[in-house]
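Quick notes on the structure that follows.
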Amino acid sequence: MIYDVAIVGGGPAGLSAALYARRAARTALVIEKSRAGGQLGATAAIENYPGVMRESGEALAGRMAEQCAGFGADFAEGCVTEYALRGDVKALRTAEAEFLAKTVIIASGRRPLPLGARGEAEFVGRGISYCATCDGPMFSGLDVYVAGGGDSAVEEAMYLTKFARKVTLVHRRDSLRAARTLQERAFANEKLSFVWDSVIREACGGDVLDGLVIENLKTGAISEVRADDGMMGLFIFIGLLPNTEGLDGLVELDKGHIVTDEEMRTNLAGVFAAGDVRRKPLRQVVTAVADGAIAAMQADRHICGLGDVT
Ligand code: NAP
């Protein structure tokens with residue numbers, strides 16, 4: 001089968017693209033490597049998406065996926081590793097399958113950036129996590145550290161105070177990057193404290209994480225914190241890397257992000273990008289779904305032969 005629109009990534013941008021493609025009566029396939037919702041699915045609380053007062057990212061993403069499926073979008077599981085995007089029929093390959101489509105929307109999002117601390121990889125799943133919604137409850141009553149100072153770190157740190165005995169946010173500067181409203185709430189949270197001008201250099205332990213080595217960047221002082229209860233948590237939110245493997249040399253990239261115009265067109269005819277993987281000034285759910293809608297409508301126009309006319 002040759003789909004009208006194949007969408008790489010099932011986050012808000014990809015799901016919105018599939019919804020708009022289906023409503024334009026185009027066959028649409030969403031290829032997602034893990035869970036529907038992408039980074040949104042791993043977000044504790046969403047309260048800046050118009051019309052949603054406060055809700056878990058997982059619940060919002062679930063409803064988006066359900067809505068898409070209701071309109072007849074197809075879903076496939078897999079990680080697209082190879083792209084053939086130049087002809088009229090484009091091919092997307094995963095380890096298990098090949099999918100063909102007249103147009104492609106790349107909405108593959110971004111993935112968490114590792115901190116680079118010694119021992120980090122060793123303790124992932126045994127104390128270290130990049131997803132508070134997924135792993136927060138495992139740290140009930142324990143001490144939890146959070147690395148980062150942006151919206152994700154502050155928001156997820158506050159979420160983690162629901163479970164942890166105490167949450168300590170370690171930031172490399174003396175002021176946060178996160179939005180003012182988040183900062184105000186974070187400073188008012190009695191279970192949340194801050195270690196400024198510092199980075200976590202090493203994760204220590206046996207079977208599980210039970211210690212961290214922290215360096216103060218201003219003084220050079222090294223300190224060690226140990227778990228009182230034999231285990232502690234470290235959640236890392238220091239930014240994200242674009243998922244553009246296999247696209248280098250094929251699609252124009254800028255620092256790994258896909259370059260598009262305002263209609264979400266890439267440098268290749270019939271290939272569009274949407275959401276966080278795109279070079280853009282504001283990465284939010286609201287901008288991701290807008291990108292997806294625009295990309296789908298442009299894909300529809302491309303199939304109609306309207307090509308680049310806007
Ligand atoms: P981010 O905004 O890029 O923030 C990354 C944070 O990690 C910064 O505070 C940065 O420090 C720190 N950092 C970077 N590299 C580091 C390193 N090697 N060691 C220690 N610290 C390091 O990333 P994000 O918070 O994941 O957010 C990503 C995007 O999603 C942003 O556009 C954000 O606005 C958006 N987002 C929005 C919401 C919301 O609106 N509710 C929620 C989550 C995310 P510096 O400050 O010193 O650079």
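For ligands, and for the atoms within them, numbers begin at 1 and follow the listed sequence.
- Protein non-hydrogen atoms do reach within 4.0 Å of atom 16 (C) of ligand 1.
- Scanning the protein heavy atoms around atom 40 (O) of ligand 1, the nearest turns out to be N48 ND2, 2.7 Å.
- For atom 46 (O) of ligand 1, the nearest protein heavy atom (residue, atom name, distance) is R173 NH2, 2.8 Å.
- No donor-acceptor distance shorter than 3.5 angstrom exists from the side chain of D210 to the backbone of A227, with no hydrogens or angles considered.
- Considering only residues two or more places apart in sequence or on other chains, V30 meets the side-chain contact (heavy atoms from CB on, under 4.5 Å) condition with I7, A18, F75.
- By heavy-atom distance, the residue among A42, A117, G149, A45 lying nearest atom 6 (C) of ligand 1 is G149.
- Side chain of T161 to backbone of Y159: no donor-acceptor contact under 3.5 angstrom is found.
- Residue-ligand proximity: E47 is placed with every non-hydrogen atom at 4.0 Å or more from ligand 1.
- In this structure, a donor-acceptor pair under 3.5 Å is absent between the side chains of Q39 and D276.
- Counting non-hydrogen atoms of other residues, nucleotides and ligands closer than 6.0 Å to CE of M53 gives a total of 12 or fewer.
- The single protein non-hydrogen atom nearest to atom 7 (O) of ligand 1 is I238 CA, 3.2 Å, given as residue, atom name and distance.
- Of all protein heavy atoms, the one lying nearest to atom 35 (C) of ligand 1 is R283 O, 3.5 Å.
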